[in-house]
Amino acid sequence: MAQKPTIPKGTRDFLPAEVAKRNFLFDIVKQVFARYGYAPIQTPSFELSSTLMGKYGDEGDRLIFRILNSGEKIRKADLEALAADNLPRFASSLSEKALRYDLTVPFARFVVQHQNDLTFPFKRYQIQPVWRADRPQHGRYQEFTQCDVDVVGSESLLYEVEMIQIFDEVLSNLGLPGFSICINNRKILSGIAELIGEADRIVDLTVALDKLDKIGQQGVIDELLQKGFTPKSIEKITPLFALQGNNEQKMELLGEYLAQSEIGQKGLDELKVVLDDIAALGLQKGELIFDLTLARGLNYYTGAIFEVKAHGVKMGSICGGGRYDDLTALFGLKDLSGIGISFGADRIYDVMSELDLFPKSLNQTLSVLFVNFGESEAKHALKLLREVRNIGLAAELYPQASKLQKQLKYANDRQVPYVVMIGQQEAKDGMLSLKNMETGQQEQLTEAEFLTKCEQLF
RNA sequence: GAGGUUGUAGCUCAGUUGGUUAGAGCGUCGGAUUGUGGUUCCGAAGGUCGCGGGUUCGAGACCCGUCUUCCUCCCCA
């Protein structure tokens, strides 16, 4: 026997029932995106390595899937680098292309490349798979789909507000009973780093701070010591550990703490505008929380940063995003601030499955099944079948004259609500039997009566 | 990238200190029922025990390698 086929780790097949649910999810996402004025674009699955490398931090670079050069190009391999044990350089000489790691960086490249064809502020959405060479885990895949909205060409904080509204509207429309939209601002984090005299170590600082709720105060201090922060600078951080209460209380305390930092104050001011606007507008199911420990490792964020967590399930963040002032500058277009967010479709799918939030009717892909009683009966049914399809209902004729038992079982398995039976005598009389599969009841109808009923169903 | 864990029928899983012919439930197929499904009863098919190597008279079980699963870390959606 041939060996059982498998697919690579971290990837999945989707059965019809799963695709139906995923499409349900995508449809709601698209609907909201479109309503806020975003238009869809698509970009290639893979980019030049130079486009992607270096944009996500060291950790991110490691997780980028690289595409091996093909054909004669393989001869370009830098064997000296290999001999010198310089593996990154050796790898680069083997590969010039890589699968996209997210949709934001390819989008920045897209904007720069097509800047003459775009009207700014440019608003786009993009729903496509991305790939990460990560260790698979619960809610973590090597191939997964992101749903991104981004706008570039405006610094207006109205877009921060808009992104929060989109989070709230999409997730509420999907039926999530509750979720936290966490917000922070990189400028606040920069201000803190500046104040403690470690302005150039902001990444190490934020990564450690990010773990506060996981490893606790002492854990953060230990990590900072390990990273080489001086006890003196760490001491200056400790007031932050006491930060508690609601958003206003946290902001007030932080206002005093950051009094001497211009950039920190700016971050606070931005945050306040956004929080006030949202407070005035209100949210449906979402809860907006200022979370100072929210850091996000992606190093292109410069202003607001977001992360969303679903309530009632054990799952990492289901959405993320933030403002980036310099991303297009990396590709040669300066002074173009952007902000964007991403919905992790696969994690949201998992959350919805766990909470049983998908409508049951999604599995119904066929409304009417015509039973096949034989060659001449089938030919007769075919004409009626065409009319049912013209009305707009999904309908089909069973392909062979199997036992009725088998045909009904097929209808049952496919959750078909109505089965039509036309035997020899019925065909002659222009009559048919319509069986309701849910109630089991059956009625005799003329063909005209049946078609009228189909129109009502549609 | 570090550590741990898992893999036996289509699916979920049993399988004792290594010992003849590897089991169950569900599902599938056939029949009870030749034009009536979802329930019931009877019967059948379906396995190089993830893959490769090793130890042994003998391996599903022990050892090594490899792939895969899930978990913790790292990072993230």
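Lettering follows sequence order; numbering is per chain, from 1.
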Worksheet item: How is A/Gly316 classified with respect to the nucleic acid when contacts are heavy atoms under 4.0 Å: base, sugar-phosphate, or nothing?
Response: nothing

Discussion item. By the 4.0 Å heavy-atom rule, please label A/Tyr141 as base, sugar-phosphate, or nothing.
Written reply: base

(Q) Just to be sure I understand the rule, does A/Gly139 reach a base, reach only the sugar-phosphate, or reach nothing, if contact means heavy atoms closer than 4.0 Å? (A) base

Looking for any heavy atom pair under 4.0 Å, which part of the strands does A/Lys309 touch: base, sugar-phosphate only, or nothing? nothing

Checklist entry - Base, sugar-phosphate, or nothing for A/Ile318, non-hydrogen atoms under 4.0 angstrom? => result sugar-phosphate

Answer with base, sugar-phosphate or nothing: what part of the nucleic acid does A/Gly374 contact at a heavy-atom distance below 4.0 Å?
nothing

- [ ] Measure distances between side-chain N and O atoms of A/Arg132 and base N and O atoms of B/A77, and say whether any donor-acceptor pair falls under 3.5 Å.
- [x] yes

For B/C51 versus B/U40, give the span between their C1' atoms, rounded off to a whole number of Å.
43 Å

Problem - Sugar-phosphate, base or nothing in reach of A/Glu438, heavy atoms under 4.0 Å - result: base

task: For nucleotides B/A9 and B/C49, find the distance between their P atoms and express it as a whole number of Å.
output: 10 Å

A/Leu408 atom CG is separated from B/G38 atom P, nearest whole Å, by 9 Å

Exercise. Report yes if the side chains of A/Asp346 and A/Arg12 come closer than 4.5 Å at any heavy-atom pair, otherwise no.
Key: yes

query: For the residue pair A/Phe343 and A/Phe33, does the interplanar ring angle fall in the parallel (under 30°), tilted (30 to 60°) or perpendicular (over 60°) class?
result: tilted

One pair to check against side-chain hydrogen bond (donor to acceptor under 3.5 Å, both in side chains): A/Glu375 and A/His380. What are the steps and the verdict? CA-CA 9 Å; A/Glu375 223 170 294; A/His380 179 81; over 6 Å; no

Heavy atoms only, 4.0 Å cut-off, all strands: where does A/Glu377 land among base, sugar-phosphate and nothing? nothing

When all nucleic acid strands are considered with a 4.0 Å heavy-atom cut-off, which category describes A/Gln442: base, sugar-phosphate, or nothing?
-> base

Exercise. Base, sugar-phosphate, or nothing for A/Gln146, non-hydrogen atoms under 4.0 angstrom?
Worked result: sugar-phosphate

With A/Tyr101 as partner, the option from A/Phe46, A/Tyr56, A/Phe144 fulfilling ring pair (Phe, Tyr, Trp, His ring centres under 6.0 Å) is A/Tyr56

Sugar-phosphate only, base, or nothing, as touched by A/Lys435 at under 4.0 Å among non-hydrogen atoms: base

_Are A/Tyr398 and A/Phe370 an aromatic pair, judged by ring center distance below 6.0 Å?_
no

